[in-house]
Amino acid sequence: GHSMGGPVSIEAARRLKGRVIGIIGIDTFNTIGAPAPSKAQIDAIVKPFEADFIGYTRKLVVEHLFVPGRNTGLANKIAYDMSLSQPRVGIPALRALFEYDFNEPLKDLSVPIVAIDSDLGEPVNEARIRKVLPKFHATVITGTGHFLMMEDPGRINPALETEIQAILSPEG
């Protein structure tokens, strides 16, 4: 699961219990074990989207989800596509992402959970996450932004294959 797909992958694994052998998150799971944001903090994050969904979505994507000055064509394309989502769907989805508490759902899972992350923004706090998921680890693809699988498939695909093989191995 990429980004908002991280919580989706956790919930799918819970519902498909016994049929999922592992979860690989792509630039997600960074909030596992972190204090939950307050309602006021979430409201402050969501407010600009409520005021100007198209404009703020485009600004956020271009200015914060890509390495500045790199992949500008891809950044603009993704920003454009994302900004055309229906605000009545996008805003509640964004709010749900920030309200999602990994702690209880993760108690239902015993499969390996790993991440492949970009190095854009705050580094993944593996020590904090391991307090909740003792076997968690993250592979970081340097020099990429949030859409690393689109920005650098030549590096993410081998990392993804490595994680899949580790999950499939008898020790996985």
Side-chain angles (χ1 to χ4, degrees), residues 1-34 57 60-85 90 93-94 96-98 100-172:
H2 170 251
S3 189
M4 295 174 117
V8 173
S9 66
I10 298 295
E11 293 301 323
R14 290 175 72 198
R15 286 171 174 75
L16 298 169
K17 202 163 206 142
R19 295 189 286 169
V20 173
I21 62 169
I23 300 170
I24 302 171
I26 309 295
D27 220 34
T28 190
F29 303 147
N30 290 357
T31 61
I32 293 174
T57 298
L60 174 84
V61 171
V62 171
E63 293 180 8
H64 298 284
L65 300 183
F66 282 86
V67 175
R70 294 174 94 189
N71 299 304
T72 55
L74 179 61
N76 288 329
K77 168 75 170 112
I78 291 173
Y80 178 82
D81 290 348
M82 287 179 66
S83 73
L84 296 181
S85 299
L94 186 62
L97 175 68
F98 288 106
Y100 188 78
D101 180 1
F102 284 98
N103 293 322
E104 285 305 311
L106 289 174
K107 291 177 183 176
D108 292 342
L109 299 175
S110 60
V111 299
I113 299 174
V114 300
I116 301 173
D117 290 338
S118 75
D119 63 346
L120 184 67
E122 186 177 330
V124 63
N125 187 332
E126 287 187 68
R128 186 194 70 232
I129 295 171
R130 281 194 199 113
K131 291 177 183 173
V132 178
L133 295 170
K135 294 183 180 178
F136 177 86
H137 75 270
T139 298
V140 176
I141 307 294
T142 59
T144 58
H146 185 61
F147 295 90
L148 55 163
M149 67 284 188
M150 296 170 76
E151 295 176 60
D152 199 342
R155 288 196 298 153
I156 193 169
N157 288 343
L160 184 58
E161 184 63 33
T162 297
E163 296 302 343
I164 292 169
Q165 291 307 315
I167 288 170
L168 291 173
S169 76
E171 305 85 42

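Every value quoted in this text rests on a predicted model; they were computed, and no experiment measured them.
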Using the rule given for side-chain contact (heavy atoms from CB on, under 4.5 Å), can you reason through Asn76 versus Val62, listing the C-alpha separation, both sets of side-chain angles and the distance that settles it, and then say yes or no?
CA-CA 6 Å; Asn76 288 329; Val62 171; 3.5 Å; yes
Decide yes or no on side-chain contact (heavy atoms from CB on, under 4.5 Å) for Ile167 and Ile24, but give the supporting numbers first.
CA-CA 9 Å; Ile167 288 170; Ile24 302 171; 3.8 Å; yes
Evaluate the criterion side-chain contact (heavy atoms from CB on, under 4.5 Å) for residue pair Arg155 and Thr142; output intermediate values, then yes/no.
CA-CA 10 Å; Arg155 288 196 298 153; Thr142 59; 3.5 Å; yes
Assess the residue pair Val111 and Ile21 against the criterion (side-chain contact (heavy atoms from CB on, under 4.5 Å)); give the C-alpha distance rounded to whole Å, side-chain angles, the decisive distance to 0.1 Å, and a yes or no.
CA-CA 6 Å; Val111 299; Ile21 62 169; 5.6 Å; no
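Note that CD1 of Ile113 and NE2 of His137 are 12.0 Å apart. Values are rounded to the nearest 0.5 Å. In this structure, the separation between OG1 on Thr31 and CD on Glu122 is 10.5 Å, given to the nearest 0.5 Å. Atom-to-atom distance recorded for Met4:CE and Phe98:CZ is 7.5 Å, nearest 0.5 angstrom. Rounding to the nearest 0.5 angstrom, the gap separating the CD1 atom in Ile164 from the CG atom in Leu160 is 4.0 Å. Considering NZ of Lys17 and CZ of Arg15, their distance stands at 12.0 Å, rounded to 0.5 Å. In this structure, NE2 on His2 lies 8.0 Å from CD1 on Ile156, to the nearest 0.5 angstrom.
Here the closest non-hydrogen pair linking Ser9 and Gly6 is OG-O, 2.6 Å. Taking all atoms of both residues into account, the shortest heavy-atom contact from Ala13 to Val20 is CA-CG2, 3.8 Å. When all heavy atoms of Phe29 and Ile129 are compared, the pair lying nearest together is O-CD1, 3.4 Å. Across all their heavy atoms, Thr28 and Asp117 have their closest contact at N-OD1, 3.6 Å. The two atoms that bring Gly145 and Val67 nearest to each other are N-CG2, 4.0 Å, heavy atoms only. Closest of all the heavy-atom pairs between Ile141 and Ile116 is CG1-CG2, 3.8 Å.
Side chains of Tyr100 and Ile10 form a contact here, defined as non-hydrogen atoms less than 4.5 Å apart.
Summarising the local packing, CZ of Arg128 is surrounded by more than 12 heavy atoms from other residues, nucleotides or ligands at distances under 6.0 Å.
A donor-acceptor pair under 3.5 Å is formed between the side chain of Glu151 and the backbone N or O of Phe147. One N or O on the side chain of Ser85 and one on the backbone of Met82 form a donor-acceptor pair closer than 3.5 Å. No side-chain donor-acceptor contact under 3.5 Å links Arg14 to the backbone of Leu109. Without hydrogens or angle criteria, Arg70 side chain to Gly143 main chain gives a donor-acceptor distance under 3.5 Å.
Between His64 and His146, the gap from one ring centroid to the other reaches at least 6.0 Å.
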